[in-house]
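In what follows, every heavy atom counts, from backbone to side chain, and hydrogens, waters and symmetry copies are set aside.
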Amino acid sequence: MDDIAMEKVDRKSSYTVKTTVSPEHESKSDALQEIQNDEANSAKKCRPKPENPPPLWICNFMTRRPKTVFAFLLLVHLSLLVVTGVMMMAGYDILPVDFKGVPLDLEKEDVFLRALAWQNRETNEILPTSQTTNDVESESLTLYYESANVFTADNLRAIQAFEDELTNVADYTTFCFKKDGITCPKPFSILRLFDGTFGPFFNDSSFGNIPQTLENATNHPEVSQQLNFFLGKNSIVSAADGVAKSSITRTAFYFNYYTELENFMVNNYRQKLLDLNKNGLGSMHFLYSCETLFVYDVQGQVIFDMMLAVGSFGFIFMFMLFQTHSLFVTFFAIFSILTSFFGANMIYRIVFDYKYFGIFHVLSIFIILGIGADDVFVYFDTWRATSHDQMESLEQRLSKCYRRASKSMLITSLTTMVAFISNAFSPVLGISSFGLFSATLVFINYLSVITFFPSVVLIYHLYFEQWTWPCCRPCTQRSHTVPSRTMTDVSENQTERKNIVVRFFYGYYFRFVTHQIIRWVIIAAFLALIGVFIVFMKDLKPDEESTKIFKEDHNYQMANDRQKNAFRPSGRDPIIRVYMVWGLRLQDRSACHKTDGEKCTGKTVWDEAFDLNPSPAQVQLQTLCHDLQNLPDNANADLHIRKNSLTGKLEVDCFLDNMETFLVNESAKAVYGVSADFSIPLTGTKVSHLMTSHPELYNGSAISSNVYRYFETAAAFWLNGGYTSNVSSDYSQLLGFTKDQYDTLNLLNNAGESYGTRLRYIAIKANTSLVIGKLGYEMGIPIYDAWERFFKAKIAKLPPSLSGGFQCTPEGNNPWHWLKVQKTLVDSALRGIAIGICLGFVVLTIATQNVVIGFLATLSIACVTVTIIAIIPMVGWKLGVLESLNLSLVVGLSVDYVVHLAEGYHMSIHADRKSKFGRIQPYKRNYCTVLQN
């Protein structure tokens with residue numbers, strides 16, 4: 001190869017670079033020759049080339065002091081890393097990482113604040129008599145066994161051996177859930193039907209007659225409800241036929257939730273469970289679910305995904321090196337992308353005062369790698385393209401490159417930022433914080449690529465462009481720029497480039513899509529496809545589950561599917577329970593930080609008007625209970641209250657009924673005489689009779705004639721079993737008491753117990769037939785609305801002291817709230833799409849200065865969006881949190897592609913449409929490099 005002859009003159013004079021082309025480049029393929037001829041013919045139709053505008057001041061400054069500018073901007077970028085490190089070492093929470101979950105709370109919605117009020121009702125004011133073992137937070141480990149038939153003697157023995165192994169580990173008795181506070185119960189397993197736990201009819205430890213034992217359970221009213229927990233929905237049990245068959249069964253271990261539970265689970269159980277999940281238990285496939293292990297594995301997966309970002313950096317580094325042929329440019333391009341992340345995080349954390357960096361934020365690392373690389377390629381390819389233009393000075397060339405590249409990058413960055421910002425207005429913290437952080441990240445990256453990267457390219461051009469590694473010099477021919485005054489000269493140089501992607505789109509692809517017949521066929525085919533996609537798009541449904549972290553074939557996802565779909569309905573199913581609450585107001589979270597999420601529970605606010613001492617209040621509340629318990633089927637069709645399989649009655653827990661039954665039975669005792677009446681309503685006269693009959697409990701001389709808290713005194717007597725037995729745990733969690741400054745006194749025989757207290761809150765609980773995790777918002781919100789209408793109508797008829805009640809679903813991650821979240825996710829996705837498309841039209845129209853091009857480009861974006869939305873239901877997915885986020889980004893990212901082509905078409909110097917479309921300005925053709933990224 002001949003050496004490159006290069007001539008540089010003073011920047012204020014003519015700025016040219018001459019390149020000698022080697023003989024082997026003179027031979028061209030037929031396709032490239034045809035392209036050159038087409039280019040030469042179309043050159044005659046080109047618009048007159050405008051004169052170059054004066055150089056930009058920033059470009060003048062950079063070219064006059066290239067080293068100073070580069071060093072200063074490098075120092076700025078390095079300072080972002082240094083300051084971040086110093087703040088971390090100083091203890092400032094500059095990177096508030098939290099990978100334990102995704103905050104999806106609608107913190108201003110009543111459904112959220114109501115449930116939060118009930119969940120945090122046990123303040124320091126509440127007397128301990130209202131606390132029960134049911135309030136102890138527990139954790140479960142559920143094991144799933146699958147086989148053609150799990151109910152064989154060999155399978156049951158294998159299950160027994162494995163479960164015994166789990167219960168025999170060290171410290172099991174420390175963490176197991178002790179219902180009586182003393183002993184660990186056996187795991188809730190099918191094995192309990194064979195070891196005598198349920199009585200002598202269920203004692204077959206050798207598993208000699210499995211069908212008969214299971215049929216005995218089926219025929220036993222109480223045990224049958226327990227049996228359904230273990231039976232697959234297609235199971236068969238028949239002692240007459242000697243058949244006991246189920247493809248799946250499950251076992252539940254219960255643990256007290258302590259801080260150390262995670263270490264116990266990870267050290268003693270996790271590896272065993274992973275091995276069985278991989279290898280099976282005997283002939284059975286094995287799955288498991290556990291919230292503690294799930295959180296642990298999610299955190300591990302996030303860390304692994306962050307390690308993948310290192311691999312992404314490596315790939316982009318090598319690809320960028322391949323495209324730029326410069327280690328110097330590539331290194332500092334990647335460096336600018338990396339420091340953009342730290343700069344954006346400082347603004348996000350300090351300026352915007354966000355204290356949450358979660359799972360979704362990890363996605364921004366991968367996103368900025370793509371966006372940052374795109375901007376680098378846009379600028380560097382534009383710099384290369386300007387080498388084909390006659391420039392008066394280096395300042396002129398840098399200015400021309402800067403104008404073109406910064407405009408293109410501004411348009412793409414702006415559309416992407418708006419796509420992210422549309423998420424920033426979401427009421428869901430996990431989504432809004434991600435949107436704000438990512439938009440900030442794109443903005444900081446844009447600032448870096450229009451300030452620091454031009455100085456990098458300038459230093460490279462002035463000092464390193466002609467330098468090569470010594471080992472490569474014998475076989476390296478570098479080709480940079482040529483003087484170009486005609487379109488033909490440009491064409492000759494461009495078609496000699498060996499980038500196969502450019503040649504494909506420039507030649508074969510262009511001739512194919514512009515063929516006078518094929519182009520109409522393509523349009524018709526795409527219109528037909530869009531029609532099909534629109535049909536599928538209508539099938540898009542929200543995901544009833546919370547955020548899916550793992551794939552469908554992962555253990556946790558499969559276990560979740562089995563729990564929801566593989567078993568018969570049972571009394572242990574995670575159903576929606578509606579609580580009708582009085583005595584509490586919406587939780588006050590005014591003192592919480594905007595990013596605290598579930599870490600800040602707020603302050604309990606009491607309803608000071610709540611009072612059950614007035615007789616009308618007691619009577620009307622009991623009437624409400626009876627109305628619920630005796631709802632006709634047509635009225636219950638909207639509320640879905642479950643009927644008890646044994647009694648046939650609607651499952652409504654009303655403490656007043658249980659309290660009245662207890663007190664009426666109490667009144668029959670001889671100590672009260674024949675005239676005792678302790679039925680509802682409980683008046684001062686009735687309760688005074690109760691108190692004076694128990695001088696061992698109540699000091700009659702201390703009872704004032706003005707005592708008001710008679711109802712509370714009777715309620716405490718009932719809850720404590722007449723102070724002769726343990727607390728009635730079935731109902732004590734539904735009532736809470738505080739001391740009254742006037743009436744509260746201590747019992748005579750127990751100074752630790754009080755009476756005459758104030759009833760602060762109560763609840764009536766209704767079990768529905770709705771299973772948590774199976775209810776989508778389209779069906780669920782009308783049910784929620786039906787409960788709202790029903791309860792408000794009942795509240796309107798109650799006395800003033802009961803007018804402040806509300807209904808909520810505080811168990812199971814608040815199902816009413818999750819329905820609202822589902823709808824919010826759908827609305828956010830639609831809003832993001834609408835904002836993106838509308839903004840896309842405006843941006844494209846401004847960029848191209850042509851309404852028709854802007855409209856057609858926007859139509860193309862809309863078609864892309866319809867296609868992506870349709871793919872979700874086509875592959876069996878649903879609209880979850882991640883899908884909602886991605887849909888809002890589809891428009892922003894698709895604009896990036898469309899705007900390059902639309903702007904290139906507009907900026908082409910050709911006059912006719914075909915030439916403008918096929919032979920976009922030489923520098924624009926370099927976007928093929930960008931688009932392939």
Side-chain angles (χ1 to χ4, degrees), residues 101 103-123 125-126 130-140 257 291 544-546 572-589 592 596-607 610 625 628 639-642 651-655 729-736 759-775 777 780-781 783-788 790-792 795 804-822:
L104 299 176
D105 298 329
L106 300 174
E107 297 179 356
K108 296 183 179 180
E109 286 281 346
D110 285 355
V111 289
F112 172 72
L113 296 174
R114 290 173 181 176
L116 198 64
W118 178 257
Q119 292 164 353
N120 295 278
R121 67 197 185 280
E122 296 290 347
T123 66
E125 301 176 60
I126 299 298
S130 65
Q131 296 176 352
T132 72
T133 55
N134 285 345
D135 286 335
V136 177
E137 193 172 358
S138 63
E139 172 72 272
S140 65
Y257 185 80
E291 184 69 20
E544 298 87 357
E545 300 178 34
S546 55
R572 288 179 176 250
D573 288 340
I575 60 171
I576 296 176
R577 292 180 172 86
V578 179
Y579 284 69
M580 288 151 278
V581 178
W582 287 266
L584 294 169
R585 295 292 188 183
L586 298 181
Q587 193 78 349
D588 179 11
R589 300 189 75 252
C592 296
D596 280 346
E598 62 182 13
K599 291 184 290 186
C600 179
T601 58
K603 179 182 178 182
T604 298
V605 181
W606 304 116
D607 179 5
F610 167 67
C625 289
L628 278 168
L639 303 181
H640 296 266
I641 301 176
R642 186 173 68 179
E651 296 182 358
V652 178
D653 287 338
C654 182
F655 72 93
S729 60
D730 290 339
Y731 291 96
S732 60
Q733 63 175 330
L734 301 180
L735 296 90
L759 184 61
R760 272 301 187 182
Y761 65 80
I762 61 169
I764 299 171
K765 183 171 65 174
N767 297 335
T768 72
S769 57
L770 307 171
V771 178
I772 295 174
K774 283 190 173 183
L775 191 63
Y777 85 92
I781 286 184
I783 297 175
Y784 163 77
D785 291 338
W787 270 100
E788 279 287 278
F790 171 83
F791 194 67
K792 287 181 178 179
I795 285 289
F806 59 77
Q807 61 91 16
C808 63
T809 53
E811 297 181 5
N813 294 324
N814 195 353
W816 282 171
H817 170 257
W818 178 243
L819 296 175
K820 298 278 188 175
V821 172
Q822 291 179 44

>> Going by the rule side-chain hydrogen bond (donor to acceptor under 3.5 Å, both in side chains), which residues pair with D588 if we only count those two or more places apart in sequence or in a different chain?
In response: S590

> Who passes salt bridge (Lys or Arg N to Asp or Glu O under 4.0 Å) against D573, sequence neighbours left out?
Replying inline: R250

> Looking at residues at least two apart in the chain, or sitting in another chain, which of them share a ring-ring contact (aromatic ring centres under 6.0 Å, His included) with F790?
Replying inline: none

> What's the shortest heavy-atom distance between L819 and Y777, and which atoms?
Replying inline: O-CB, 3.4 Å

>> Tell me every residue that passes side-chain contact (heavy atoms from CB on, under 4.5 Å) with L586, counting only those two or more places apart in sequence or in another chain.
In response: D110, L113, R114

> side-chain hydrogen bond (donor to acceptor under 3.5 Å, both in side chains) with Y579: which residues, sequence neighbours excluded?
Replying inline: E811

> Taking atom types as modelled and ignoring hydrogens, do the side chains of Y761 and E122 form a donor-acceptor contact shorter than 3.5 angstrom?
Replying inline: yes

>> Among residues at least two apart in sequence or on other chains, which ones pass salt bridge (Lys or Arg N to Asp or Glu O under 4.0 Å) with E109?
In response: none

>> Tell me every residue that passes side-chain contact (heavy atoms from CB on, under 4.5 Å) with R585, counting only those two or more places apart in sequence or in another chain.
In response: V605, D607

> side-chain contact (heavy atoms from CB on, under 4.5 Å) with T601: which residues, sequence neighbours excluded?
Replying inline: N120

> Taking only residues two or more places apart in sequence, or in another chain, which ones meet W118 in a side-chain hydrogen bond (donor to acceptor under 3.5 Å, both in side chains)?
Replying inline: none

> How would you list, by chain and number, every residue that makes a disulfide (SG to SG under 2.5 Å) with C808, sequence neighbours excluded?
Replying inline: none

> Taking only residues two or more places apart in sequence or in another chain, which ones pass side-chain contact (heavy atoms from CB on, under 4.5 Å) with A115?
Replying inline: Q119, P810, N814

> By salt bridge (Lys or Arg N to Asp or Glu O under 4.0 Å), which residues pair with K599, not counting sequence neighbours?
Replying inline: none

